[in-house]
Participant: 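The structure's right below; bear with me while I get my questions together.
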Amino acid sequence: MKNVNITTTYQVFDAINELPKEIINLFKEAEKAQEKAYAPYSNFQVGAAILFEDGKIVTGSNQENAAYPSGMCAERVAIYHAGAKHPNLKIKALVICAKSNTKIVDQPVGPCGACRQSIAEYEFKQEQDIAIYFKGEIGKIVKSNSLKDLLPLSFDKSFL
Ligand code: THU
């Protein structure tokens, strides 16, 4: 038996103006999408925006349902929107922002496990890393250079 250690690296920014212009703009698009969240049950609104290599942008927001598990996270709405609309374009970056009606979200909100798996599929498919940025309503912003850094030992089609 041997122990194997997995380490991961991510970057933390203190303020949005430390980010590249195209990512600041992408966060603006994510915030517009966040306004269209349908979250009457959790009161937690999430917006996601995806930047393609050619500059195109698609967005998504969380869409809840009275049958709770039928709802969908913003990141998966956005990534499936991207896959459906521009299946042959490579994705450069994905940004996520979250806020709540009941409290100030002052920490970066990372994608849930199911969203990580969904994003991994598209990163694997395009054979190019996707930069992932996430933030709350206020506070620091996290950047991960690749989904692989957020989901080690992931499952992909190479196992099938
Ligand atoms: N949610 C997202 O949209 N993305 C995440 O990564 C975490 C959670 C949504 C799902 C649900 O509508 C609400 O936030 C509370 O879980």
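Every number for a ligand or one of its atoms is a count from 1 in the order of the listing. All values derive from a computational prediction rather than experimental measurement.
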Participant: Taking atom 6 (O) of ligand 1 as the reference point, report whether a protein heavy atom occurs under 4.0 Å from it.
Facilitator: yes
Participant: Under 3.5 Å, is there a donor-acceptor pair linking the side chains of Q117 and S154?
Facilitator: no
Participant: Side chain to side chain contact (heavy atoms under 4.5 Å, CB included) with L26: which of L94, I50, L19, I57?
Facilitator: I57
Participant: Using heavy atoms and a 4.0 Å limit, tell me yes or no: is C112 in contact with ligand 1?
Facilitator: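 Judged by the 4.0 Å heavy-atom criterion, C112 does count as contacting ligand 1.
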Participant: Starting from atom 3 (O) of ligand 1, locate the nearest protein heavy atom and write down its residue, its atom name and how far away it is, to 0.1 Å.
Facilitator: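 Going by distance alone, atom 3 (O) of ligand 1 is nearest to A74 N, 2.9 Å.
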Participant: Quick one: does any side-chain atom of E75 pair with a main-chain N or O of A48 as donor and acceptor, under 3.5 Å?
Facilitator: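 Such a contact is absent between E75 side chain and A48 backbone.
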Participant: Parallel under 30°, tilted from 30 to 60°, perpendicular over 60°: which one fits the rings of F159 and F155?
Facilitator: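 Answer is parallel, since the angle falls under 30°.
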Participant: Are Q45 and N101 close enough that a side-chain donor and a side-chain acceptor fall under 3.5 Å?
Facilitator: yes
Participant: To which protein heavy atom is atom 4 (N) of ligand 1 closest, and what is the distance rounded to 0.1 Å?
Facilitator: E75 OE1, 2.8 Å
Participant: Are R116 and E121 within salt-bridge range, i.e. N to O under 4.0 Å?
Facilitator: no
Participant: Can you tell which part of S42 has a heavy atom less than 4.0 Å from ligand 1: side chain, backbone, both or neither?
Facilitator: side chain
Participant: Note the single closest protein heavy atom to atom 11 (C) of ligand 1, along with its residue, its atom name and the distance in Å.
Facilitator: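 The closest one turns out to be E64 OE2, 3.2 Å.
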Participant: What is the ring orientation for Y133 with F27, classed by angle as parallel under 30°, tilted 30 to 60°, or perpendicular over 60°?
Facilitator: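 Plane angle over 60°, so perpendicular.
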Participant: Identify, for atom 10 (C) of ligand 1, the protein heavy atom at the shortest distance, and state residue, atom and that distance.
Facilitator: C73 SG, 4.0 Å
Participant: Touching ligand 1 at all, G110? Heavy atoms, strictly under 4.0 Å?
Facilitator: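 Checking ligand 1 against G110, which is what was asked, there is a heavy-atom contact under 4.0 Å.
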Participant: So is P111 in contact with ligand 1, going by heavy-atom distances below 4.0 Å?
Facilitator: yes
Participant: Tell me whether E31 is salt-bridged to K135, with the criterion being a basic N under 4.0 Å from an acidic carboxylate O.
Facilitator: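 Result for this pair is yes, salt bridge flagged.
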Participant: In terms of atom number and element, which parts of ligand 1 are under 4.0 angstrom from non-hydrogen atoms of F44?
Facilitator: 14 (O)
Participant: Give me the nearest non-hydrogen protein atom to atom 9 (C) of ligand 1 as residue plus atom name, then the distance to 0.1 Å.
Facilitator: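 The answer is N62 ND2, 3.6 Å.
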